[in-house]
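If you're wondering where the values come from, they're calculated on a predicted model, not measured in any experiment. All heavy atoms count here, side chains included; hydrogens, waters and symmetry mates do not. So you know, we letter chains A, B, ... as the sequences are listed, proteins then strands, and number each from 1.
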Amino acid sequence: MFLINCPYCGERDQSEFTAGGEAHIVRPKQPTELSDDQWAEFLFMRKNIKGVQFERWNHAHGCRKWFNIVRDTSNDKIHAIYKMGDKPPIK
Amino acid sequence: MSENLRITNNKFIDQTTRISFKFDGKTLYGFKGDTLASALLANNIHLVGRSFKYHRPRGIMACGTEEPNAIVQVGKDSSMTEPNTRATEIELYEGLEASSQNCWPSVNFDIGAVNNFFSPLIPAAFYYKTFMWPANFWKLYEYFIRKSAGLGKSPTEPDKDIYDNRYLHCDVLVVGGGVSGIMAAKIAAKNNLNTLLIDDKNTLGGTTLFQQNECFKINNSYSNEWIKNEIKTLYSLKNLTIKTRTSLAAYHNYNYLLARENLTDHLDLKERKNKIRQRLWKIRAKKVIIATGAMERPLVFNNNDRPGIILSSSIKKYIDYYGVKCGQKISLFTNNDSAYETAISLNNSGVVVNSVVDIRDKTNSLIVEQAEKLGIKIHWKSTVVNTNGYKKINSIEIMKLSDDGTSVVEKKIKEECDCLGISGGWTPRVHLFTQSGGKLKYREEDNVFLPEKSELDQISIGSCNGDFELNEVIKNSVYSTNKFLNVNNKDYENLEVTSSKEIDKKNIWLLPSDKPFKKTKSFLDFQNDSTANDVKLALREGFKSIEHVKRYTTTGMATDQGKLSNMHALGIVAETAGVKMGELGTTTFRPPYTPLTFGAIVGRNVGEFFDITRNTPIHEWHVEKKAEFENVGQWKRAWYYPINNENMHEAVQRESKAARDSAGILDASTLGKIDIQGTDASEFLNRVYTNAWSKLEIGKCRYGLMLNEDGMVYDDGVTTRLSENHYLMTTTTGGAANVLSKLEDYLQTEWPELDVYLTSVTDHYGTVSICGPNSKKILSKIIPDLDLSDKEFPHMSFKNAFINDIKCRVMRISFTGEHSYEINIQSSYAKSVWEKCFAAGKEFNITPYGTETMHLLRAEKGFIIAGQDTDGTMTPIDLQMDWIISKKKYDFIGKRSLYRSDTVREDRKQLVGLLTDDPNEILEEGAQIVSETNKQPIEMLGHVTSSYFSPNLNKSIALAVVKNGKKLKGQKMFVPMKNKTINVTITDTVFLDKENKRLNA
Amino acid sequence: MKNKYSIFSLIKNAFSYHENWQRAWRDPEPKKEYDVIIIGGGGHGLATAYYLAKKHNMSNIAVVEKGWIGGGNTGRNTTIIRSNYLWDASAGLYDHALKIWESLSQELNYNVMFSQRGVMNLAHNLQDVRDLKRRTHANRLNGIDAVYLNTEEVKKFCPIINTSPNIRYPVLGGTLQKRAGTARHDAVAWGYARGADAMGVDIIQNCEVKGIKKNGDSIEGIETTKGFIKTKKIGVVAAGHSSVIASMVDLKLPLESKPLQALVSEPVKPIIDTVIMSNAVHAYISQSDKGELVIGAGTDAYVSYTQRGSHDVVEGTLKAILELYPIFSRMKMLRQWGGIVDICPDASPIISKTHIKGLYFNCGWGTGGFKATPGSGDLFAHTIANDEPHKLNADFNINRFVSGDLVDEHGAAAVAH
Amino acid sequence: MLNFNTPIIDTKEYSEIKISKAEPILKINLRGKNRDFITKIGKELSIITPVDPNTSSSNEKLNLLWLSPDEWLLYSNDIVDLKDANFLEDKLFNEISKVKLGSVTNVSDHWIMINLKGAKIFELLSAGCPFNFNNFKNSKGAVTQTLLNHIDVIIHNKNINDLNLFVRRSFSAHLWSWMNDSAKFI
């Protein structure tokens, strides 16, 4: 069980959160302009990185805010946490 | 009891309280403080079980969690019996009944022992090489294999015991209450850190508690005296919680640990009632100090598995702690100094020590000299080449080792004994460290794996960190603890510690015998019966990786998870393959450290607490009226209301008819309700629903369909515009939570520019839905001042109203096609409003109906249920709901997906109606639909999603999805059942009142 | 063929104290070039190599494995084998596999202990009932031996299930496929490895792929920890690590790799002699031949390559187990572990060519790949050998995520266990 | 007259734990993002809007709990006539939602308030709650939203060993039953 430092509420047990997958996949502003391939890229294709990954989490059973986490998927270590809309603190 | 195997001057066993227990049906006696193992040994019972494969007689080998052999079935009661329990961990209690496992008819005479005779035929993994002929005989072979496998027996009735879980947060967790753990806990607690100390034994102190030897002194007193005082101090510390009988089961990431506390297993049966048996502590520690000590290794030599062969340190514990002699004439066999501690203890208690067989050249550490002074005979540079005795050891055969240690020389000496203590050195208990993801390093000099790198905030101290000398244990533990906690505690600064220092080390993983190796049986895994021969066979056959060897030979996979066998297996593999131990790596230690009951993991989440139950505010009324309930997610919804012994079909027919003929009443409180406010509320709805919202008038309601981004129908419901920037959205019952969180997600991440706020009000409102031609009359009785005319209050609109001063909202919406109203009122009054409607409707025979009738009524109208008529593969177009997709809107969730090459296909599966040729034939929901009957294989064109007998149409009706269904209206199809074929015709989805006249009736 | 395994060979070898058994497979150094390289030495990869050699007359094949063969999900799953899938495409795929399972021990001369003890799926709510009936009807028409059982029949087939109507989610019925069952996971990998090796396939363990060399849109070879190996065709069968391999050629796949946990109890005498799956309350249980209760837990929702998952998932599973089998409360968890499962959005696999010539992927098996091992290997071998899919795996192409023609098995509530 | 109903009707006492229902209580959910909203709330209710995470502020009649950077829960100290709740809701709605400052939603019956008193209440919570109460229990006015036996709850630390716990109404009977069960074993 991770211990996640919600940027709004502080450190909480993983069970209060839900994971939302890869971060920074922006919903296309003009979907109708996209080819089927491009749309499929947005819908389904994922980096699925082994290593440092940027991902979305939601403090679903707390403040209900979404935020971003930088986590190493090879050891589950969380390197950074930042609010939605903020720039990632690490590359 | 023929021999007196108890010594009387023992301080840890209450020899005034005698306890009777049964083993294999025989009544025996022990004392309070005994374990089952110590009590059996005191009764001179060594043979307690048979091995897994060869059924060889096996005896107690250890005194704790690493015991591989003495595992017994506890209890006879079919609900309370427990298989595979280690006798070394069972604290004796009055009424204990235990029996041997894996033997028939008895442990003394076991038919399965013929396997030992056949053992040449059944080497490691033999089963992969045979039982293949004839092919269909595997079932039979398997039957016998399964029957002979398995150890104890599962209970066959539900457990009557109670289990519990508890969360605990601490600054420092110390695992292990031996000398290191005790010091660490004291340092932490004295520095104002909220500390938890746990130990799996019933008392703190570890092995130091009974270490009364000249060679191990602290501040000039025996180390046991010193530690007793330390323990006393601990119990007076404020910030310290101590939990004994508490075993650390699992060490997860982020310092999340699980510990099982045993609360009643040591109590007399009658004292256990209504008490928690085991509690699983879910511990979140800021810092963790592992002080789990080390365990003694056995030695691997020919016939090293006979009853009476016991780990040397265990023999010491049995004599020094339990006051039990494991034998009268004991021989010891060692490669290190610790057997000499045992020899001295035995000697001091008057047990004959035949000799110590030591594989090392003569060494003269303090403790060895002390043993020699006592006149104990030592065979230097020697090994045991064989043991004798079938059900109990009676002699050993000793020979000198060659200089390189690979063979034996000179003549064989036979030594009679009734017990052999063995010591192969010590293995640090690094299990928890590795469970937590820590990496190990290998120390060549004494062949141990030690903690190296950890990602977590933790340290290992004491012998689990490779410190084996008392003075080093103390010095290093104190230093490491202070550094780790960033404190400067001086309590242990000037201790004067005497310690016998081991000078020589020697290790031979597989000891030679005078017999050819291939003819020996040197056991590695005592419980799974895997031998050194098996490991070598695996290597010969190309199983190189240690994980392959483990799986091929099953070494280390028994209930002790290889605590005693892993190191030797690794050693032999490394030696045979010519690889360095450090490079070979270890197998993974997986949680739990010791087997953990399912009960403890689940805690109180059994029975009614298995899952949450959600009730509507009107629930009690339904219960009183003896409704049958349906589980919808976690909700309990009234399913139907049987009267006069009606079955479901009868009740539903009656309810459905009443609702259309006069009036029905439904509890719709479970629908999700989301309050939407904000200046961009309309724009928001435009984006989340397929249809357009901006022009919806205030006071009006509209049905909306929500898609996933993949274009498939996700949820639906009616949304009402309460004021300019204020809407109330309803969702399906099951979809409520997901819809809200999905919408919040879009708002927070994709559309933060929108000024919209969402608040769930699902539980705030109870919803009473009344429908039918008389619903208007009923409502007018309840809210007389509300103008219910179609002009003032048309279909798909809402009104604020008051019922007896209580504010409510009335929506004129319909899921049945009838004239109907939904009253949303604060939940506290919902039941009362329901009762009022029921009373007001009495003259119209108002009939409560449940979900089943609701489903029937909506099916008559062809309304879909998301999740029943859709399955995540249906677009709105597939549902023939093209009308709900706004052509004008640039975008909405899922829009782009509707224009992919597969979703634009014209011949997708589409929602249609189905009528059976025989109007009395009710189709089975889920039945498949085909267009031809005599073809194999048949192409399935679709399936029945909803099917009912409509009492209002007096015929069976169904909804279905059928390939290209839109174009097949009027076509004949077939529904092939197991034993018949049903003829059907594809129709429109609306079966009743196609003109929607009833809405305004 | 190497020395044949049988009771007679066991007896013969007993006389020489088993010192004369041959190696089950060689331990070769990689050659300079292969016709096909399979990345991933799990069951699927080894089976692919086996069928390439056996059915497509190829022998210059290597299987490269980062660790030891069968050490990934092959050795970590709960070994359920069944073919009662809803959609025609899935039913075709999995039943193809099931048919091979039925004679696999003889085919490989290696006892994979395929045990047709039946698999029962339980229904706990009305939608479950509809879904299971729908699936059973489809199965029957597809020639798959599934039947629907009412609650009494469920109880009769497995008497230890708590079928009381008073539990939180009572058992409302179930389906039974009698041809379904379990097999010994390690033996499958080892049997295929031994068979492939005998036909000349090089199985190269401890060999990690570090890169893929391309020339334009064609494959040239792989960089490994044992050096560069030339090849024109690569079949990637790397399960949870598929995306890692794909990223070497800048390819993104519709996959997420998530932790899936399982556990076993201590061994006991036979108490449950079928496989029971309950999707609604999430409890999957069978008993191994050794006597351990084998229990499958669920996946976590986040990506992780740690082979560890959260405790809550295990707790949730055991909760469900005790709800349905309250007699197991005193049974003890002996060992728990995790695997990394690669999950497709539609819970169906990908057995497909890619836009890169000579690069093929077999992945996305999610939580249920073990059952498909023989069929998957056979069809993937066909796809690689012919550069065209077999008709049974044609629907499992990568392009379906673009067109939208998914094979949505979880939408149809048939979890892919 | 309409009858008032709650799913929980009694008060239970265990050793050093007393759990009791307190209803009807006024509860209003407030959401807004900008300074004006915060000022307006303060002015309308004569209460300081807590902007620090996990805190609250109170006056004689009302408590205002921080739930998230743009969400607060207002609740009354004492039992009220729910009509008053409607009155206050309307007033705030007009002052806030109508003038586009944020949202105001009556949630008086969405939540059920349960009061816990006694020296062992945190032990009771620890039976099903992963939240670390070590600091919380000594900070008067602290607020947390977390899970209790898998159910969403809001917990407000009123005073030493005196908590108000909010649970959604449909879950409340179940949680109540669970709390009573767990309290037996503390």
Side-chain angles (χ1 to χ4, degrees), chain B residues 82-84 120-121 123 126-132 135 142 145-146 149-159 252 518 537 540-542 545 547-548 551 559 590-592 595-599 601-602 605-606 610-611 630-631 871-873 900-903 924-928 938 940 943, chain C residues 5-7 10-11 14 17-19 21 23-25 27 68 71 103 105-106 110-111 115 125-127 130 133-134 137-138 141-142 168-169 186-187 266-271 289-291 311 315 318-319 321-323 326-337 403-405 408 411-412:
Chain B
E82 185 171 4
N84 308 340
L121 276 184
F126 71 99
Y127 29 79
Y128 298 132
K129 292 176 176 150
T130 182
F131 303 128
M132 288 179 280
E142 191 186 32
I145 291 174
R146 294 191 64 188
L151 294 167
K153 292 193 184 93
S154 161
T156 52
E157 296 287 329
D159 196 351
H252 295 297
K518 60 187 181 185
L537 171 66
R540 267 199 303 283
E541 291 194 86
S545 147
E547 286 285 352
H548 276 160
R551 285 157 177 263
T559 64
R590 291 178 169 135
L596 184 60
T597 55
F598 292 176
I601 295 170
V602 172
N605 290 313
V606 290
F610 164 61
D611 194 23
E630 177 191 2
N631 286 312
D871 62 3
T873 67
R900 294 177 295 168
S901 64
D902 191 67
T903 39
E924 185 168 284
E925 287 170 352
Q928 297 287 328
I938 313 178
M940 287 172 261
H943 73 283
Chain C
Y5 292 161
S6 70
I7 183 69
L10 270 171
I11 294 170
Y17 298 91
H18 301 286
E19 289 195 327
W21 287 107
R23 301 179 65 107
W25 50 81
D27 186 22
W68 35 283
S103 57
S105 293
Q106 287 69 33
Y110 207 90
N111 190 354
S115 164
N125 58 52
L126 299 176
Q127 191 56 40
R130 283 181 204 109
K133 283 189 173 166
R134 175 184 175 194
H137 284 296
L141 297 175
N142 270 323
R168 182 69 184 83
Y169 297 106
D186 291 333
E266 293 183 337
V268 284
K269 294 290 173 197
I271 179 87
D289 285 348
K290 213 187 151 194
H311 172 70
E315 180 185 310
L318 287 176
K319 234 162 77 167
I321 291 289
L322 294 195
E323 170 80 348
I327 65 167
F328 289 149
S329 163
R330 298 177 94 82
M331 290 292 291
K332 283 169 276 185
M333 173 164 88
L334 176 60
R335 190 164 67 236
Q336 68 174 104
W337 66 91
S403 69
D405 189 13
D408 197 345

Checklist outcome for this item: Sorted by chain and residue number, the side chain to side chain donor-acceptor pair (under 3.5 Å) partners of C:H137 (sequence neighbours excluded) come out as B:E924, C:R140
Checklist entry - How would you list, by chain and number, every residue that makes a side chain to side chain donor-acceptor pair (under 3.5 Å) with C:K319, sequence neighbours excluded? => result none
Checklist entry - What class does the angle between the rings of C:Y110 and B:Y128 fall in, given that below 30° is parallel, 30 to 60° is tilted and above 60° is perpendicular? => result parallel
Item to check | Closest-packed option against chain C by number of heavy-atom pairs under 4.5 Å, given B:R551, B:E547, B:H252 | outcome: B:R551
Item to check | Partner chain C: residue of B:A135, B:G599, B:A927, B:P591 with the largest heavy-atom pair count (under 4.5 Å) | outcome: B:P591
Contact leader toward chain B among [options], where contacts are heavy-atom pairs under 4.5 Å:
options                       : value
C:I11, C:I321, C:L322, C:D289 : C:D289
C:E315, C:Q106, C:M331        : C:M331
C:H311, C:K269, C:K133        : C:K269

[X], part contacting chain C, at a heavy-atom distance under 4.5 Å:
X      : answer
B:S154 : both
B:Q928 : both
B:L537 : side chain
B:H548 : both

Checklist entry - Would you say B:D611 and C:E323 make side-chain contact, with heavy atoms under 4.5 Å? => result no
Checklist entry - Heavy-atom distance under 4.5 Å between the side chains of B:T130 and C:N111, does that happen here? => result no
Next on the checklist: For C:N125, which atoms come within 4.5 Å of any heavy atom of chain B: side chain, backbone, both, or neither?
Outcome noted: side chain
Next on the checklist: If we check side chain to side chain contact (heavy atoms under 4.5 Å, CB included) with B:P595, which of these qualifies: C:K332, C:M333, C:R335?
Outcome noted: C:K332
Checklist entry - Does NZ belonging to B:K153 count more than 12 external heavy atoms closer than 6.0 Å? => result no
